[in-house]
Amino acid sequence: MPAQLIDGKLVAARIRQRLADARRSLGSGPIRLCSLEVGQNPAAAVYVRNQQRAAAECGIEMEVQNLPVGTTEAELIATIGNLNRRTEVAGVIVQRPLPPGIDPRAVQSAIDPHKDVEGMHPANMGSILYREPMFPPCTAAAAQQLILETGIDLRGAETVVVGHSEIVGKPIAVLLLHHLSTVTVCHIGTRKLVDHTRRADIVVVAVGRAGLVHGDMIKPGAVVIDIGINQGPDGRIVGDVEFASVAQVAGFLTPVPGGVGPVTVAMLLRNTLRAAGAQV
Ligand code: NAP
């Protein structure tokens, strides 16, 4: 397997250590990250447990509120309003998916932008265009961090981002553009995906379709960042990239699980400490 695996767990552990130091510099007062969920989704429960464990390591208290099934959009927004007013709450996150009938964008917009540690409030989303976002969206920031870990010179590098969602694909494209990478964004309207991916020095895949990108679509030596999370046929979690064939061709590859996911959580905690006043 020529590709070097980019160990997201290791990168995340290093970031958390730095965050724990930064947290100590803020004194002993509580710093709380509040997670809201409507109903109980087993997949979200796994994420929340991981977030709780990582937060504790960085001295951040995580408060988990599970609102009952049937909670309306207005009730959820009222709950967010209460958290916006609580001074010890540095950050608020809303676990997805939200039930039908609740507009995720309305909910995200109700979070005080200074507590929007997922970086999804329109004000924070907009600020990434100006290069200095207070809270860069966590998954996009994680993808950027993992690319930088490889040591590749982003200036002039051809990057192809597959997937153009508001929370993942588009912000990644903007963040990498700031490094003067030449960025192409592919999506459902792209005529021939392989024509783009095969010439890319960096391929970032964020679609949610197992096996979408395989080895013969990758330029030898390229950096491949797999953001997708899918349930494989045997029940195991797999990414959007066909791991075995891409690992034969790529220079660097993130595994799923253990790649982007842990670093995304670390970025969430970094944003939380920034919200609490840390310079991290
Ligand atoms: P999403 O909102 O469903 O967006 C998927 C994007 O892929 C859309 O822009 C869609 O285009 C595009 N697309 C669909 N089929 C395509 C195809 N055949 N070729 C190219 N593009 C295609 O999903 P998301 O929130 O961005 O998440 C993407 C994946 O990343 C999911 O598997 C999700 O679970 C995972 N994820 C992982 C993390 C992490 O921390 N590791 C965090 C967030 C998300 P249209 O909108 O035009 O259909």
Side-chain angles (χ1 to χ4, degrees), residues 5-9 11-12 15-16 35 41-51 53-54 93-98 100 103-105 107-108 117-120 125 128 135-147 149 159-176 183-198 200 203-214 217-218 224-232 236-243 253-271:
L5 292 188
I6 314 172
D7 186 341
K9 284 189 193 167
V11 173
I15 296 171
R16 288 197 304 271
S35 160
N41 173 345
V46 175
Y47 291 133
V48 173
R49 267 200 305 280
N50 288 341
Q51 288 167 348
R53 209 174 305 131
I93 59 177
V94 178
Q95 304 291 341
R96 274 169 291 266
L98 284 164
D103 174 8
R105 215 183 291 177
V107 169
Q108 206 66 41
V117 290
E118 287 183 290
M120 289 181 197
M125 280 287 184
I128 71 168
F135 306 126
C138 303
T139 307
Q144 172 183 251
Q145 180 67 37
L146 290 167
I147 292 168
E149 292 287 328
T159 298
V160 167
V161 179
V162 189
H164 67 146
S165 72
E166 277 70 33
I167 60 169
V168 186
K170 283 190 186 109
I172 288 174
V174 174
L175 292 183
L176 298 181
V183 182
T184 303
V185 182
C186 296
H187 41 68
I188 202 74
T190 300
R191 291 205 189 102
K192 212 168 162 205
L193 183 60
V194 61
D195 286 351
H196 299 279
T197 56
R198 211 181 265 160
V203 179
V204 182
V205 194
V207 170
R209 256 185 66 181
L212 179 70
V213 171
H214 33 92
M217 297 169 74
I218 297 296
V224 180
I225 306 293
D226 188 357
I227 297 182
I229 301 175
N230 310 287
Q231 192 137 28
R236 279 192 300 172
I237 298 296
V238 295
D240 288 349
V241 162
E242 191 182 76
F243 185 85
L253 172 62
T254 55
V256 177
V260 177
V263 183
T264 298
V265 176
M267 293 299 163
L268 174 72
L269 301 174
R270 185 189 67 174
N271 285 349

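Quantities reported herein were computed from a predicted structural model and do not represent experimental measurements. Order of listing sets the numbers, starting from 1, for every ligand and every atom in it.
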_Taking D226's backbone N and O only, do any of them form a donor-acceptor pair with D240's side chain (distance below 3.5 Å, no angle check)?_
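Here the side-chain-to-backbone pair does not exist.
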*What's the spacing between I229 CD1 and Y47 OH if we round to 0.5 Å?*
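If we round to the nearest 0.5 Å, I229:CD1 and Y47:OH are 3.5 Å apart.
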*Under the 3.5 angstrom rule, does the side chain of N230 hit a backbone N or O of G232 as a donor-acceptor pair?*
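Judged by distance alone, no pair lies under 3.5 Å.
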*Below 4.0 Å from any atom of ligand 1, which residues have a heavy atom? Give them in chain and number order, please.*
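Correct list: T139, V162, G163, H164, S165, I167, V168, H187, I188, A206, V207, G208, R209, L212, I227, G228, I229, V260, G261, T264.
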*Where the side chain of T190 meets the backbone of L193, is there a donor-acceptor pair that is under 3.5 Å apart?*
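The answer is no, because no donor-acceptor pair under 3.5 Å joins these two groups.
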*Look up atom OG1 in T159 and atom NE2 in H196, then write down how far apart they are to the nearest 0.5 Å.*
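Interatomic distance, T159 OG1 to H196 NE2, rounded to 0.5 Å: 14.0 Å.
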_The criterion is side-chain contact (heavy atoms from CB on, under 4.5 Å); which residues satisfy it with A200, sequence neighbours excluded?_
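Applying side-chain contact (heavy atoms from CB on, under 4.5 Å) to A200 gives V160, V203.
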